[in-house]
Amino acid sequence: MKALLENLFQLKHHNTTLGKESVAGVISFLSIVYIIAINSTILSDAGIPLEAGIFATVAVSVIGCLLMAFWANAPLILVPGMGINALFTYTMVQSMGLTWQEGLAAVFISGVLFTLLAFSRLSAKLVAAIPHSLKEAITVGVGLFLTFIGLQKGGLVIPSDTTFVALGNLSDPFVLSTLLTLMITIVLFIRNIRGNFLLSMIAGTLIAMLFGVQNQSNGSTSTSFQEFFAGFGAFSFTALGQITFWAAVFSLTMVLVFENIGLIHGQLGMMDQQEKFSKAFQANAVSASLAGLLGTSPTVASVEGASGIAAGGRTGLTSLITGVLFLSSLFFIPFIKFIPDSAIAPILIVIGGLMIQNIKNINLQDLSEGFPAFLIIALIPLTYSIADGIAFGFIAYPLLKLAIGRMREVSAFMYVIALLFFLNFVLHYIA
């Protein structure tokens, strides 16, 4: 078996060993396992049964890691993406009015389009057409959105009739448990403790029990096998003829392509293995399309995979080990269901804080670049819609360039994309 794995993954060629790859796989798993609880909780806000969300998250993570292992031979980890799951639940379902079954159909079609792009040269042309400032602004805006969702889930921000939102009751035991867990989470992260988010969820669950707020968790520890597979093949194409459906597909595909190109390039660059980009991108795309079939939001090349790379992972064996460990996590579903929102919210807040660091990559001095980026950053959380926030920025960018006589800085492809976003607004809000 050892010799087979060494030959299959070319361990000697990559100057690594079975032991190094195994350790890297375990570290990657411990760094990302929190996604099972986080993603299934966000999916449940869309109406997907919690058990179905857990199963779908685990299943697509296992398949994604296996695709990355055997097709690309890269140590990247494919799991449902933070931010994209928010786009699915809070924009496509709650804001745009799709049912979660119709949302899964949009995920499937978006994944198919992503796959077509990944296996052609169009993806490179699309990425080259989008200004750098807008790509970075999407990440920042989604980061703020995740933070806002985390603050709401943790009770730190509540609705207000006069100011729309207000500070929650800091004397509430549930809010106190969120604050205490948040402090633990950020300290563990800053100290770079392995498995920091996993440890913070465990600590947060224990704190919630001590404060007597466990009844605000996601439910009992019993598992309904009927709900366990409720998301599998549940997508519905009944909204196929609606403008809203295709607007959701368009927005989701855009975010998928941009985010994954950046994530994959960045992690492969850590190992100087950029020659693996094409196959890694293709594995990512196929995995994203399967997400709609399995019942979850699309996968991305998780940034937590960098922890496995830093630990010495160089081949797909790292991804294989992580995938196998994800499969074993199905035995812990009753415990995953026991995790309360006060233990999940701090992770969303911290992840959001990490994502807004990309603002330093935006040229805010040039307002023709900075103002469209600002619109994206501000309107994603304030409209509670990633798609609408992106649309405003993408429409404003070419208009500003035209107004100041710098239209040549905008690609023809960008004008087309802006026009599509504009037509979506016209058809959706006026027609």
Side-chain angles (χ1 to χ4, degrees), residues 32-67 78-94 96-112 149 153 201 205 216-239 245 248 252 256 286-300 302 323 325-341 343-344 347-348:
I32 194 56
V33 65
Y34 72 89
I35 196 65
I36 301 174
I38 299 289
N39 191 58
S40 57
T41 299
I42 290 177
L43 293 178
S44 69
D45 287 345
I48 297 177
L50 187 67
E51 293 89 343
I54 293 172
F55 167 76
T57 302
V58 172
V60 79
S61 299
V62 171
I63 294 172
C65 288
L66 294 181
L67 283 170
L78 296 178
V79 298
M82 293 299 300
I84 293 182
N85 51 14
L87 171 60
F88 173 84
T89 293
Y90 304 110
T91 298
M92 293 168 58
V93 176
Q94 293 189 5
M96 301 178 81
L98 298 178
T99 66
W100 64 265
Q101 294 90 343
E102 292 167 347
L104 291 177
V107 169
F108 177 73
I109 293 177
S110 177
V112 171
I149 293 168
K153 281 188 172 295
M201 276 199 301
T205 302
Q216 298 189 44
S217 70
N218 291 320
S220 66
T221 58
S222 62
T223 299
S224 166
F225 283 96
Q226 185 177 359
E227 290 188 335
F228 195 65
F229 296 102
F232 183 78
F235 49 30
S236 170
F237 294 96
T238 54
F245 179 85
L252 185 58
L256 272 175
V286 173
S287 173
S289 64
L290 292 175
L293 173 65
L294 293 168
T296 180
S297 52
T299 53
V300 302
S302 167
L325 290 173
F326 261 113
L327 187 61
S328 67
S329 66
L330 286 173
F331 294 103
F332 299 96
I333 283 178
F335 300 99
I336 294 172
K337 292 177 61 181
F338 202 61
I339 300 171
D341 280 348
I344 290 173
I347 296 175
L348 294 174

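The first residue of the sequence shown is numbered 1, and numbering continues consecutively from there.
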Once ring pair (Phe, Tyr, Trp, His ring centres under 6.0 Å) is applied, do any residues pair with Phe237, and if so which ones, sequence neighbours excluded? Phe235

Between the CD1 atom in Ile339 and the CD1 atom in Ile344, the distance rounded to the nearest 0.5 Å is 6.0 Å

Closest non-hydrogen atoms of Leu327 and Val62, given as atom of the first, atom of the second and distance, are N-CG2, 3.6 Å

Would you name the heavy atoms of Ala234 and Ala230 that are closest together and state the gap between them? CB-O, 3.3 Å

Measuring only between side-chain heavy atoms, which start at C-beta, is Ser297 closer than 4.5 Å to Asn39? yes

Are any of the side-chain heavy atoms of Val79 and Thr57 separated by less than 4.5 Å? no

So OG1 of Thr89 and CD1 of Ile48: to nearest 0.5 Å the spacing works out to 6.5 Å

Verdict with reasoning, Thr99 to Thr238, per side chain to side chain contact (heavy atoms under 4.5 Å, CB included): CA-CA 10 Å; Thr99 66; Thr238 54; 5.6 Å; no

Mind checking what makes side-chain contact (heavy atoms from CB on, under 4.5 Å) contact with Ala106, not counting sequence neighbours? Met92, Phe245, Val249

Of the options Leu98, Asp45, Ile42, Val107, which is the one that meets Phe88 in a side-chain contact (heavy atoms from CB on, under 4.5 Å)? Val107

For Leu78 and Gly64, work out which heavy atoms get closest and say how close. CD1-O, 3.3 Å

From Leu290 atom CG to Ile63 atom CD1, the distance as rounded to the nearest 0.5 Å: 5.5 Å

Heavy atoms of Leu50 and Ser44 approach each other most closely as CD1-CB, 4.4 Å

Is any side-chain heavy atom of Trp100 less than 4.5 Å from a side-chain heavy atom of Leu43? no

In the structure I gave you, are the side-chain heavy atoms of Val60 and Ser287 within less than 4.5 Å of one another anywhere? yes

Less than 4.5 Å apart, any side-chain heavy atom of Ile36 and any of Phe326? yes

Enter the distance from Tyr34:OH to Ile347:CD1 here, rounded to the nearest 0.5 Å. 7.5 Å

Distance (rounded to the nearest 0.5 Å) between Phe232 CZ and Leu293 CG: 5.0 Å

Is any side-chain heavy atom of Asn85 closer than 4.5 Å to one of Pro80? no

Taking all heavy atoms of Leu256 and all of Ser110, pick out the closest pair and write down the distance. CD1-OG, 3.6 Å

Which atom pair, heavy atoms only, marks the closest approach of Ala46 to Val93? O-CG1, 3.8 Å

Quick check: do Val300 and Met82 have side-chain heavy atoms less than 4.5 Å from each other? no

